[in-house]
Amino acid sequence: MQLRLHNGLTRRTEDFVPANPERVTMYVCGPTVYNYVHIGNARPPVVFGLLARLLKRRYPNVVYARNITDIDDKINAAAKSAGVPIDAITTHFAAAYREDMAKLGADEPDIAPRATAHIGQIIVMCERLIASGHAYAAEGHVLFDVASFADYGRLSGRSTEDMIAGARVEVAPYKKNPADFVLWKPSTPDLPGWDSPWGRGRPGWHIECSAMAEAHLGETIDIHAGGNDLMFPHHENEIAQSTCAHGGKVFARYWLHNGMLTFDGRKMSKSLGNVLVLHELLEKHSPEVLRFLLLKAHYRQPLDWSDTTLQQARATLDGWYRVLLDLADVEVSAEERKVPAEVESALLDDLNTPQAFAVLARLADGARSAATSEAKHEAKAALLGGGGLLGLLQQDPNIWFGSGHAETDVVTKLRRERRAARSAKNFARADEIRKELAAMGVTIEDKPDGTDNVIVRERLVETIGTSSSVKSQLSATAQLSDKVDLSN
RNA sequence: GGCCUGGUGGCAGAGUGGUCAUGUAGCGGCCUGCAAAGCCGCGUACGCCGGUUCGAUUCCGACCCAGGCCUCCA
């Protein structure tokens, strides 16, 4: 089965054919680390991490890079208002990002390059662009000359004339052309900076990705991915820089863009303020529920996030874990967890995760209805194998339902007492105990054989809300300093 | 204003030129000491108007609506 991907360059779904099957390269735009990311920011690493996983099953050597942008004016602003060096901000939030992504099961990149570790490459790239006539220096800045690149605007589907005519771009006096963008800019003494042929300065926003992709993956990469809000100007500018710095070589062969998360019907974004901070969501919800929900819609579609969708995600996973709970006695070794072909083929079709979930639902049905021990074994292996590829269903069901660690002596005692009452047909007492346990958040389900399942609901309140999220973001940042400006 | 997506059953969300998505919620029944779970069944889903077609939710056109980008943004 062929892997097919929707290529943003052609706006068509195409067969994925790597330039070199011996070394497949993928670059995903990572975060600018100046605060905690919101749940929408987690969609690319989760989705494209899954793509990396698929690629690694098919190609012997896949290099997946996900960068950290650790030099940026928002970082500078955060550091300045906190009265700390930018490192204090960037190391803290880069580490938090990495930890939170790990909790979501987002595949770790093979390389996580940082912009500040590539200043040399950035300067070299600027020099090359100037030498080849695609960039020019002016008043301590280096600017990309948009008019020098005929294909500028191809990815985002806009013409250079339109952009130049559109007067919404800030026009600095030193720009030849209003659409020209900054590769390098001067730093005042109070700002971080590096010595360069154009004086002490720092890189503009887009150049770091071009430099890091070149340094680690080469001049032409197979896949470049990120949110569709980056298509313009970020990815457009990356293409311009890299293509011109590499003598016209194709920069990225396949461009993948994920759709935005919406909340209250609008794009979740920092500027709108309707964000749910991932770091906080992870405290209130099972990471697996969050991961499931991130994969619930096809990655190119918008994905609606709400209390309702969260509860529905939880309920679906409960159902699948219940199957695993009922089959807890069926031993399945790691080697026996093969990925069912239907699950993989769904994902190979441009990462059709909703289709993969439909397959998983059928596998769960099959496991529920399996009669013989052989059939049970096979069905459980398929469910765990398919879930494994999606990064789901790998927990002990007892842990999932909470009884793995929440069963106290009191609960154990009451369960024993209840079983005795039931066998003595003292149903009044049995019901009473069930009520007592329910009040403690423990649900008892009787099984036909006289035993019971116990389900503990520790996370009783699975709700969301922006106000507390914003507050938590505030206090988290405030730990770095007591005077923080969170205006962005 | 320009460019680009999308409008599917209460909710979420795939897909297809002609019996089925799937999940979740609801209703009825079976099962159960009672529940829960499970099982069975149910609800005239494809924005609107035309066109093409034997047949369109699926193709084409117009319209309406929503969202995204054009400025920092995953």
Side-chain angles (χ1 to χ4, degrees), chain A residues 8 11 28-32 34 37-48 66 72-74 77 153 155-159 161-163 165-170 179 205 225-236 257-262 265-272 275 278 292-320 322-323 325-326 346 349 352-362 364-365 368-369 422 425-428 430-431 434-435 438 443-448 452-453 455 488:
Chain A
R11 299 180 196 282
V28 174
C29 283
T32 300
Y34 64 98
V37 298
H38 61 71
I39 182 69
N41 296 301
R43 197 176 190 188
V46 166
V47 164
F48 300 124
R66 188 182 71 199
D72 173 90
D73 285 350
K74 284 195 286 293
L155 176 70
S156 53
R158 48 196 93 202
S159 70
E161 299 82 64
D162 287 349
M163 280 176 289
R168 294 190 62 178
V169 203
E170 175 201 349
W205 173 33
N228 67 9
D229 55 348
L230 293 181
M231 199 183 300
F232 187 88
H234 186 58
H235 290 161
E236 200 69 74
H257 291 105
N258 62 273
M260 297 293 103
L261 241 71
T262 60
R266 309 222 61 186
K267 173 188 173 185
M268 189 181 288
S269 81
K270 288 163 193 165
S271 41
L272 283 175
V275 298
L278 173 62
F292 176 88
L293 197 41
L294 285 171
L295 294 171
K296 179 84 175 26
H298 184 89
Y299 75 94
R300 283 192 281 117
Q301 296 303 127
L303 168 59
D304 191 46
W305 199 277
S306 69
D307 274 335
T308 309
T309 57
L310 206 49
Q311 280 158 13
Q312 290 176 349
R314 173 89 205 184
T316 302
L317 285 170
D318 271 352
W320 293 346
R322 193 181 295 278
V323 174
L325 185 67
D326 290 338
D349 181 17
N352 193 337
T353 49
Q355 178 59 35
F357 286 155
V359 175
L360 235 44
R362 279 201 292 276
D365 287 343
R368 256 192 303 267
S369 60
R422 288 186 72 222
K425 304 230 183 277
N426 183 358
F427 296 120
D431 289 348
R434 183 157 54 199
K435 264 187 199 164
T443 304
I444 294 290
E445 299 182 353
D446 294 326
K447 295 202 283 188
D452 57 22
N453 274 339
I455 291 174
N488 50 27

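All chains are named by letter (A, B, ...) in the order of the sequence lines, taking the proteins before the strands, and each is independently numbered beginning at 1. Computed from a predicted structure; not experimentally measured. Just so you know, these numbers use all the heavy atoms, side chains as well, and skip hydrogens, waters and symmetry mates.
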Asker: Suppose we define a pair by two distances each less than 3.5 Å, Watson-Crick or G-U wobble; what does B/C54 pair with here?
Answerer: B/G18
Asker: Report the residues that fulfil side-chain contact (heavy atoms from CB on, under 4.5 Å) with A/Asn426, sequence neighbours left out, ordered by chain and then residue number.
Answerer: A/Ala421, A/Ala428, A/Arg429
Asker: Quick one: look up who B/G26 pairs with, Watson-Crick or G-U, both distances under 3.5 Å, and put none if it's unpaired.
Answerer: B/C42
Asker: Of the candidate nucleotides B/G33, B/A74, B/A14, which contains the atom at the shortest distance from the side chain of A/Phe427?
Answerer: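 For the A/Phe427 side chain, the nearest candidate turns out to be B/G33.
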Asker: Can you tell me how far P of B/A14 sits from CZ of A/Phe357, to the nearest Å?
Answerer: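 A/Phe357 atom CZ is separated from B/A14 atom P by 11 Å.
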Asker: Using the P atom on both, measure B/G51 against B/G68 and round to a whole Å.
Answerer: 35 Å
Asker: So does A/Asn453 get a side-chain nitrogen or oxygen closer than 4.0 Å to the phosphate oxygens (OP1/OP2) of B/A36?
Answerer: no
Asker: Please determine, for B/G6, whether a Watson-Crick or G-U wobble partner exists with both distances under 3.5 Å, and give it or none.
Answerer: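 Here B/G6 is engaged in a pair, and the nucleotide opposite it is B/C65.
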Asker: Using a cut-off of strictly less than 4.0 Å, decide whether A/Lys270 has a side-chain nitrogen or oxygen near OP1 or OP2 of B/A74.
Answerer: yes
Asker: So what does A/Asp72 hit on the nucleic acid, given a heavy-atom distance under 4.0 Å: a base, only sugar-phosphate, or nothing?
Answerer: nothing
Asker: Mapping A/Arg434 and A/Ala358 onto RNA chain B by nearest heavy atom, which one lands closer to the 5' end?
Answerer: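 Its nearest nucleotide lies further toward 5', so the answer is A/Ala358.
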Asker: Could you state the atom-to-atom distance from CG of A/Leu310 to P of B/G13 in whole Å?
Answerer: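 Going from A/Leu310 (CG) to B/G13 (P), I get 13 Å.
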Asker: Between the base of B/A37 and the side chain of A/Arg322, is one N or O donor paired with an acceptor at under 3.5 angstrom?
Answerer: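 When only heavy-atom distances are counted, A/Arg322 does not reach the base of B/A37 through any donor-acceptor pair under 3.5 Å.
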Asker: Grab the CG-P distance between A/Leu272 and B/C72 for me, whole Å please.
Answerer: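 Checked: the CG to P distance equals 15 Å.
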Asker: If the P atom of B/G15 is compared with that of B/G47, how far apart are they to the nearest Å?
Answerer: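 One P to the other, the span is 15 Å.
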Asker: Search all heavy atoms of A/Phe292 against all heavy atoms of A/Ala313 and return the closest pair with its distance.
Answerer: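 Heavy atoms of A/Phe292 and A/Ala313 come nearest at CD2-CB, 3.5 Å.
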Asker: Nearest whole Å is fine: how far is B/A74 P from A/Leu230 CG?
Answerer: 6 Å
Asker: For residues A/Ile39 and A/Leu261, determine if any side-chain heavy atom of one lies less than 4.5 Å from a side-chain heavy atom of the other.
Answerer: yes
Asker: Once you apply a heavy-atom cut-off of 4.0 Å, does A/Gly319 come out as touching a base, just sugar-phosphate, or nothing?
Answerer: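 Touches nothing.
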Asker: Which value, in whole Å, describes the distance between the C1' atoms of nucleotides B/G1 and B/C72?
Answerer: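 Straight-line distance between the two C1' atoms is 22 Å.
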Asker: Mind checking A/Leu360 for me? I need base, sugar-phosphate or nothing, with any heavy atom below 4.0 Å counting as a touch.
Answerer: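 Result for A/Leu360 = nothing.
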Asker: Side chain of A/Arg266: nearest nucleotide among B/G23, B/A21, B/G68?
Answerer: B/G68
Asker: Are the side chain of A/Asn352 and the backbone N or O of A/Gln355 linked by a donor-acceptor pair below 3.5 Å?
Answerer: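 Yes, the answer is positive, given that a donor and an acceptor are paired below the 3.5 Å cut-off.
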Asker: Could one point to a donor on the side chain of A/Asp431 or the base of B/G33 with an acceptor on the other under 3.5 Å away?
Answerer: yes
Asker: I'd like to know if A/Arg158 reaches the base of B/C4 with its side chain such that a donor and an acceptor end up less than 3.5 angstrom apart.
Answerer: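 Under the 3.5 Å cut-off, the side chain and the base do not form any donor-acceptor pair.
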Asker: Sticking with atom P, work out how far B/A21 lies from B/G41, rounded to a whole angstrom.
Answerer: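 The answer is 14 Å between these two P atoms.
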Asker: If you check the A/Ala315 side chain, which of B/A25, B/G67, B/C11 turns out closest?
Answerer: B/A25
Asker: As a test of reading the structure: which of B/C4, B/G23, B/G68 is closest to the side chain of A/Arg11, going by heavy atoms?
Answerer: B/C4
Asker: Categorize A/Ser269 for me: base, sugar-phosphate, or nothing, with a 4.0 angstrom heavy-atom threshold over every strand shown.
Answerer: base
Asker: Taking A/Arg362 first and then A/Asp365, would you say they form a salt bridge - that is, a charged N and a carboxylate O separated by under 4.0 Å?
Answerer: no
Asker: Among the candidates B/A37, B/G68, B/A21, find the nucleotide nearest to the side-chain atoms of A/Lys267.
Answerer: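 Nearest nucleotide to the side chain: B/G68.
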Asker: Considering only B/A21, B/G23, B/A74, which nucleotide approaches the side chain of A/Pro354 most closely?
Answerer: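 Side chain of A/Pro354 sits closest to B/A21.
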Asker: Check the distance between B/G67's P and A/Trp305's CH2 and give it to me in whole angstrom.
Answerer: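 So the CH2-P distance, A/Trp305 to B/G67, works out to 21 Å.
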Asker: Between B/A35, B/G67, B/C70, which nucleotide gets closest to the side-chain atoms of A/Asp446?
Answerer: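 Closest nucleotide among those given: B/A35.
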Asker: Tell me: CG of A/Asp326 to P of B/C39, nearest whole Å?
Answerer: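 From A/Asp326 CG to B/C39 P: 11 Å.
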Asker: Classify A/Met231 by what it touches in the nucleic acid, base, sugar-phosphate, or nothing, heavy-atom distance under 4.0 Å.
Answerer: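 Counting heavy atoms under 4.0 Å across all strands, no contact is made by A/Met231.
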Asker: With the side chain counted from C-beta on, respond yes when A/Leu295 and A/Val46 share a heavy-atom pair under 4.5 Å apart, and no when they do not.
Answerer: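 A/Leu295 reaches A/Val46 side chain to side chain.
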Asker: How long is the line joining CD of A/Gln312 and C1' of B/U24, in whole Å?
Answerer: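 So the CD-C1' distance, A/Gln312 to B/U24, works out to 4 Å.
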Asker: What nucleic acid atoms does A/His298 come within less than 4.0 Å of, heavy atoms only: base, sugar-phosphate, or nothing?
Answerer: sugar-phosphate
Asker: In whole Å, measure the gap between the P atoms of B/G2 and B/U57 for me.
Answerer: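 After rounding to an integer number of Å, I get 31 Å for this pair.
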Asker: Measuring from the side chain of A/Pro233 (C-beta onward, heavy atoms only), which nucleotide among B/C70, B/A74, B/A14 has the closest atom?
Answerer: B/C70
Asker: Roughly how many Å apart are B/A74 and B/C20, using the P atom of each and rounding to a whole number?
Answerer: 42 Å
Asker: Rounding to the closest angstrom, what is the interatomic distance between B/G9 and B/G50 at atom C1'?
Answerer: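 Per the computed distance, 26 Å lies between those C1' atoms.
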Asker: Using a cut-off of 4.0 Å on non-hydrogen atoms, how would the nucleic acid contact of A/Leu293 be classed: base, sugar-phosphate, or nothing?
Answerer: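 Nothing, no nucleic acid heavy atom in range.
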Asker: With under 30° as parallel and over 60° as perpendicular, where do the rings of A/Tyr299 and A/Phe48 fit, or are they tilted in between?
Answerer: perpendicular
Asker: Using both distances under 3.5 Å as the test, list the Watson-Crick or G-U wobble partner of B/G1, or none.
Answerer: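 Check on B/G1: paired to B/C70, both distances under 3.5 Å.
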Asker: On a heavy-atom basis, which atom in A/Arg43 and which in A/Gly259 lie closest, and how many Å separate them?
Answerer: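 Where A/Arg43 meets A/Gly259 most closely, the heavy atoms are NH1-O, 2.8 Å.
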Asker: Is any side-chain heavy atom of A/Asp452 less than 4.5 Å from a side-chain heavy atom of A/Glu445?
Answerer: no
Asker: The side chain of A/Leu303 lies closest to which of these nucleotides: B/C11, B/G13, B/A21?
Answerer: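 So the nucleotide nearest the side chain must be B/G13.
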Asker: Grab the CG-P distance between A/Asn258 and B/A74 for me, whole Å please.
Answerer: 10 Å
Asker: What distance, rounded to whole Å, do you find between the two C1' atoms, one in B/C59 and one in B/C46?
Answerer: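 Each nucleotide's C1' atom is 16 Å from the other's.
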Asker: Can you work out whether A/Arg422 or A/Gly40 has the more 5'-proximal nearest nucleotide on RNA chain B?
Answerer: A/Arg422
Asker: Between B/G23, B/A14, B/G68, which one does the side chain of A/Gln301 approach most closely?
Answerer: B/A14
